[in-house]
Novice: 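Pasting in a structure now, in structure tokens, and then I'll have a few things to ask.
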Amino acid sequence: MPELPEVEAVAREVRSALLRSSIIDVHVRRWDVVTGAARRRERLLLGSGVREVLRRGKQLALCGHDDAVIVVQLGMTGAFGIVAASAPIEPHTHVTWRLDRSRELRFVDPRRFGGITWLKDRHELVDRWSRLGPDALDLHGDWSARVAASRRAIKAALLDQHAVAGVGNIYADEALALAGIRPQRACTRVARHEFDALGHAIGSIMRSAIAGGGSTIRTYRRLSGETGAFQASLRVYGRAGEPCRVCSRTLQSELVAGRTTVWCDACQR
DNA sequence: ACAGCTCCCTGCATGC
DNA sequence: TGCATGCAGGGAGCTG
């Protein structure tokens, strides 16, 4: 499932391809994945071209020359990328943008937890993103101020995009393991130095995943078919019942914040 | 205001 | 082999 590193990989691919391209046509195959465009394909960047490709947390924004903005969210199973226009349309392809030089930008999402949102201008994007927490790649010393007073579990706070933007279930567990903090612990019981360690853990895990081209967990894949190599280095995610890579104790698992959560009872306190 | 829950959806793994 | 079942989870929206 795409998290920040995967979305960043998509942003880079799409940015380098789109900034020197024109959009010739747009084909919306399922309108219910699009919100805000009033069902007019002219509003999906057709004719305007893309001036800028931005990312905040797990959200991607394509800014057109006409000031309209398209926000793309990949959800669980979304894929977004450039392919040859002649490539077969795979199932669950919901929107395609025909580009010059016989290429196509496609949004594919079997489970449809993702989607595309049309915004009328940059102000709407600024407003929308101001409600997100700081980007997980760019956490400063005071990032924890927003969550430290909360009584909920630290993992619930990490998954809350309004607290920190970009952390999903995989990297929440991985970061908590690296920082030695139990996912269930209340934020109020996490010390300042532990928040600092957690912030560093999140950043270093995100950066190494990006360097590895994004992880290849289950449903995530690039439209081009390439895969990443980060999966092999996961510490706890998906390893319930297996031995901790540090102390060999059997990894525990239970639901926290409604999500499957894996941790080591010995290494995490 | 906050925290916790349900729901949306399809693909895959599992079990009979 | 084939079918039914359960599980995976990001985020909106609802509830207590």
Side-chain angles (χ1 to χ4, degrees), chain A residues 1-8 10-11 29-36 55-61 71-80 89-95 107-119 127-133 135-136 144-176 183-190 202 206 209 214-221 223 225 227 231 234 236-242 251 253-263:
Chain A
M1 49 294 310
E3 294 195 25
L4 186 152
E6 293 79 12
V7 178
E8 177 63 20
V10 170
R29 302 162 62 91
R30 267 197 84 118
W31 273 104
D32 59 2
V33 304
V34 181
T35 54
R55 180 196 59 76
R56 173 78 172 259
K58 292 180 264 191
Q59 298 188 21
L60 203 57
V71 173
V72 178
Q73 289 187 266
L74 300 179
M76 277 281 293
T77 53
F80 187 65
I89 299 280
E90 64 176 282
H92 310 293
T93 298
H94 305 312
V95 186
F107 175 71
V108 183
D109 186 14
R111 217 164 291 183
R112 275 180 278 140
F113 280 18
I116 291 167
T117 305
W118 178 85
L119 305 178
D127 186 49
R128 181 187 178 94
W129 283 4
S130 72
R131 291 192 293 270
L132 293 178
D135 191 85
S144 58
R146 228 159 153 168
V147 300
S150 170
R151 281 187 296 275
R152 63 183 164 169
I154 180 66
K155 174 163 176 179
L158 289 185
L159 292 177
D160 181 354
Q161 302 300 298
H162 303 290
V164 181
V167 180
N169 199 41
I170 300 170
Y171 296 116
D173 279 8
E174 293 299 303
L176 287 164
Q184 299 90 336
R185 206 196 311 171
C187 293
T188 48
R189 303 217 177 257
V190 175
I202 291 168
M206 294 289 175
S215 63
T216 329
I217 310 304
R218 288 176 186 255
T219 50
Y220 175 73
R221 80 266 184 266
L223 279 184
T227 58
Q231 188 170 27
L234 292 174
V236 291
Y237 178 83
R239 301 191 60 243
E242 295 177 37
L251 295 177
S253 175
E254 70 178 30
L255 283 187
V256 177
R259 296 286 174 256
T260 302
T261 299
V262 184
W263 77 98

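Throughout, a chain's letter reflects where its sequence line sits, starting with A, and its residues are numbered from 1. Here the structure is a predicted model, which means the values were calculated and not measured.
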Novice: Return yes if the base of C:dG10 and the side-chain atoms of A:Arg259 contain a donor-acceptor N/O pair under 3.5 Å, otherwise no.
Specialist: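 Indeed there is one.
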Novice: From NE2 of A:His162 over to C1' of C:dG11, roughly how many Å is that when rounded to an integer?
Specialist: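 My rounded result for the distance is 8 Å.
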Novice: Within a strict 4.5 Å, meaning less than it, do heavy atoms of the A:Phe113 and A:Thr77 side chains meet?
Specialist: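 The answer is no; the side chains never approach within 4.5 Å.
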Novice: Taking only N and O in the side chain of A:Tyr237, is any of them less than 4.0 Å away from OP1 or OP2 of C:dA8?
Specialist: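 No.
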Novice: Please determine whether a side-chain nitrogen or oxygen atom of A:Gln161 lies at a distance below 4.0 Å from atom OP1 or OP2 of C:dG10.
Specialist: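 Indeed not, no polar side-chain atom of A:Gln161 lies that close.
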Novice: Give the nucleotide from the list C:dG10, B:dC9, B:dA3 with an atom nearest to the side chain of A:Ser150.
Specialist: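 Ranking C:dG10, B:dC9, B:dA3 by closest atom to the A:Ser150 side chain puts B:dA3 first.
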Novice: Provide, to the nearest angstrom, the distance between the NZ atom belonging to A:Lys155 and the P atom belonging to C:dG10.
Specialist: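 Result: 9 Å.
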Novice: Quick one: look up who C:dT1 pairs with, Watson-Crick or G-U, both distances under 3.5 Å, and put none if it's unpaired.
Specialist: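 Base-paired to nothing in any strand shown.
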Novice: Let's see if you can work this out: which of B:dG11, C:dG9, B:dA3 has an atom nearest to the side-chain heavy atoms of A:Met76?
Specialist: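 Per side-chain heavy atoms of A:Met76, the pick is C:dG9.
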Novice: Just to confirm, is there a sub-4.0 Å distance from OP1 or OP2 of C:dC7 to any side-chain nitrogen or oxygen of A:Thr260?
Specialist: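 The answer is no; no side-chain N or O of A:Thr260 sits under 4.0 Å from OP1 or OP2.
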Novice: I'd like to know if the side chain of A:Gln59 pairs up with that of A:Arg128 as donor and acceptor (distance under 3.5 Å, no hydrogens or angles considered).
Specialist: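 A pair is found: one side chain offers a donor N or O, the other an acceptor, under 3.5 Å apart.
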Novice: Within this structure, what is the CZ-to-P distance between A:Arg111 and B:dC12, rounded to whole angstrom?
Specialist: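 Rounding to the nearest Å, CZ of A:Arg111 and P of B:dC12 are 9 Å apart.
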Novice: Is there side-chain contact between A:Arg112 and A:His94, with heavy atoms separated by less than 4.5 Å?
Specialist: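 The answer is yes; the side chains approach within 4.5 Å.
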Novice: What distance do A:Asp109 atom CG and A:His92 atom NE2 have between them, rounded to the nearest 0.5 Å?
Specialist: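 Going from CG on A:Asp109 over to NE2 on A:His92, the span is 9.0 Å.
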Novice: Just how far, in rounded Å, is C1' of B:dT10 from CG of A:Asp32?
Specialist: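 It is 14 Å, rounded to the nearest whole Å.
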Novice: Going by 5.5 Å between centroids and 30° between planes, is there a stack of A:Phe113 over C:dG9?
Specialist: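 One would call A:Phe113 stacked on the C:dG9 base.
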Novice: Nearest to the side chain of A:Pro110, which nucleotide is it out of B:dG11, B:dG4, C:dG11?
Specialist: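 Nearest nucleotide to the side chain: B:dG11.
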Novice: Rounded to the nearest Å, what distance is computed from the CG atom of residue A:Leu132 to the C1' atom of nucleotide C:dG10?
Specialist: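 Computing the A:Leu132:CG to C:dG10:C1' distance gives 13 Å.
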Novice: Given B:dC9, is OP1 or OP2 found less than 4.0 Å from the side-chain N or O atoms of A:His92?
Specialist: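 So the side-chain polar atoms of A:His92 never come under 4.0 Å of the phosphate oxygens OP1 or OP2 of B:dC9.
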Novice: What is the distance, to the nearest angstrom, from the CG atom on A:Leu158 to the P atom on C:dG10?
Specialist: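 Going from CG in A:Leu158 over to P in C:dG10 covers 12 Å.
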Novice: Looking only at the side chain of A:Arg112 (C-beta and beyond, no hydrogens), which of the listed nucleotides B:dG4, B:dT10, C:dG9 gets closest?
Specialist: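 Between B:dG4, B:dT10, C:dG9, the one nearest the side chain of A:Arg112 would be B:dT10.
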Novice: With the side chain counted from C-beta on, respond yes when A:Ile202 and A:Leu158 share a heavy-atom pair under 4.5 Å apart, and no when they do not.
Specialist: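 Yes; the side chains approach each other to less than 4.5 Å.
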Novice: Any side-chain N or O of A:Gln73 below 4.0 angstrom from OP1/OP2 of C:dG11?
Specialist: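 Checking C:dG11 against A:Gln73, a side-chain N or O does come within under 4.0 Å of OP1 or OP2.
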Novice: Could you check how far CG of A:Asp173 sits from P of C:dG10, rounded to whole Å?
Specialist: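 For the pair A:Asp173 CG and C:dG10 P, the rounded distance is 10 Å.
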Novice: What integer distance in Å separates A:Asp160:CG from C:dG13:C1'?
Specialist: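 After rounding, the reported distance stands at 14 Å.
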